[in-house]
There are 2 protein chains.
Amino acid sequence: MNPTEFYKNLADDIRLKSILLIAQEGELCVCELMAALAESSQPKISRHLAVLKSSGLLLTRKQKQWVFYSINPDVATWAQQVISLTLKENINFITPHLQALHLMGARPERIANCCE
Amino acid sequence: MNPTEFYKNLADDIRLKSILLIAQEGELCVCELMAALAESSQPKISRHLAVLKSSGLLLTRKQKQWVFYSINPDVATWAQQVISLTLKENINFITPHLQALHLMGARPERIANCCE
DNA sequence: TTGCTTTATAATAAAATTATTATATAACTA
DNA sequence: TAGTTATATAATAATTTTATTATAAAGCAA
């Protein structure tokens, strides 16, 4: 992935916020991103995640009925550094979404963890 | 400028390459960018530079008949770090354009410098 | 002044991206 | 099995972005 393609992936509110939320939380499922990005519809979020996955930025892991997205560790180091720098220096950009996420009841991770 | 807006500015080949070339060279005029990005037309380059200027990423300095573009030092530190990291780790992305630039005869800087 | 070089802008067309709506699939639950 | 939840996808419409072409303006040079 060349730099322009990489930045095209970041050049959308839902995609960038999803990446930053996932970077912050380690991994998130679609329903958690829906809770975090409450103003966006499910197909909209799914489609943007599909874009990020197909360009190799995100990985998916299916567990029970949930699909968990995480940052692909094979992403070029510089690109991962760009993501973490952006997160670190713009935490306020996703603060309201992190709050919405933490207000969500019955987050799937907990359920998933407890049944493995 | 929020992170999404910033990345929208980088999400185009001409804009990203112009920024990286300017970051590498310190400052460049439109005709030098035309030489470097030989495949692109003058209005195309001018328009993309206007976008970058109006979002505050670039500054202009007019000298004689030339307009020199440089990175705005007031750009957020994290954004400047993103730019320099991208440049440092993707120098091959602009190498052919740097070569074209250095092949250009009678670069305006020299003329400008010699007549101040 | 006239002409040339450099750069910017405006109008329109073309292309790409994004949103919306509806529907499909898969997995769990009762 | 039937119903429910979670996610994906396809079709189309809407929007945004980009390219192209033509033209304008500004500054220099003869």
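All chains are named by letter (A, B, ...) in the order of the sequence lines, taking the proteins before the strands, and each is independently numbered beginning at 1.
Along DNA chain D, the nucleotide nearest Ser41(B) and the nucleotide nearest Cys31(A) are compared for position; the residue whose nucleotide lies closer to the 5' end is Cys31(A).
Annotation: side chain to side chain donor-acceptor pair (under 3.5 Å) contacts of Ser84(A) (sequence neighbours excluded): none. Residues meeting the side-chain contact (heavy atoms from CB on, under 4.5 Å) test with Glu39(B), sequence neighbours left out: Leu37(B), His97(B). In this view, Ser18(A) satisfies the side chain to side chain donor-acceptor pair (under 3.5 Å) rule with no residue, not counting sequence neighbours. Gln80(B) is linked by a side-chain contact (heavy atoms from CB on, under 4.5 Å) to Val75(B), counting only residues two or more places apart in sequence or in another chain. Among residues two or more places apart in sequence or in another chain, the salt bridge (charged side-chain N to carboxylate O under 4.0 Å, His left out) test is passed with Asp13(B) by Lys17(B). Contacts of Ser70(B) classified as side chain to side chain donor-acceptor pair (under 3.5 Å), with partners at least two apart in sequence or in another chain: none. With sequence neighbours excluded, no residue satisfies ring pair (Phe, Tyr, Trp, His ring centres under 6.0 Å) with Tyr69(A). The side-chain contact (heavy atoms from CB on, under 4.5 Å) test applied to Ile71(A) returns Ile19(A), Ile22(A), Ala23(A), Leu58(A), not counting sequence neighbours.
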Donor-acceptor pairs are to be reported for all side-chain atoms of residues 44-53 of chain B against protein atoms at under 3.5 Å, with residues two or more places apart or in another chain.
from, atom 1, to, atom 2, distance (Å)
Ser46(B), OG, Gln42(B), NE2, 3.2
His48(B), ND1, Arg15(B), NH1, 3.1
Lys53(B), NZ, Thr60(B), OG1, 3.1

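When DNA chain C is scanned in the 5' to 3' direction for atoms under 4.0 Å from non-hydrogen atoms of chain A, the outermost contacting nucleotides are dT18(C) to dC28(C).
Here the CD1 atom belonging to Ile83(A) is positioned 15.5 Å from the NZ atom belonging to Lys88(A), to the nearest 0.5 angstrom.
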For nucleotides 17-19 of chain D, give me every protein contact, N/O to N/O, under 3.5 Å, one pair per line with atom names.
from, atom 1, to, atom 2, distance (Å)
dT18(D), OP2, Arg15(B), NH1, 3.1
dA19(D), OP2, His48(B), NE2, 2.9

Quick test: give all pairs of protein nitrogen or oxygen and nucleotides 23-30 of chain D nitrogen or oxygen below 3.5 Å, distance rounded to 0.1 Å.
none

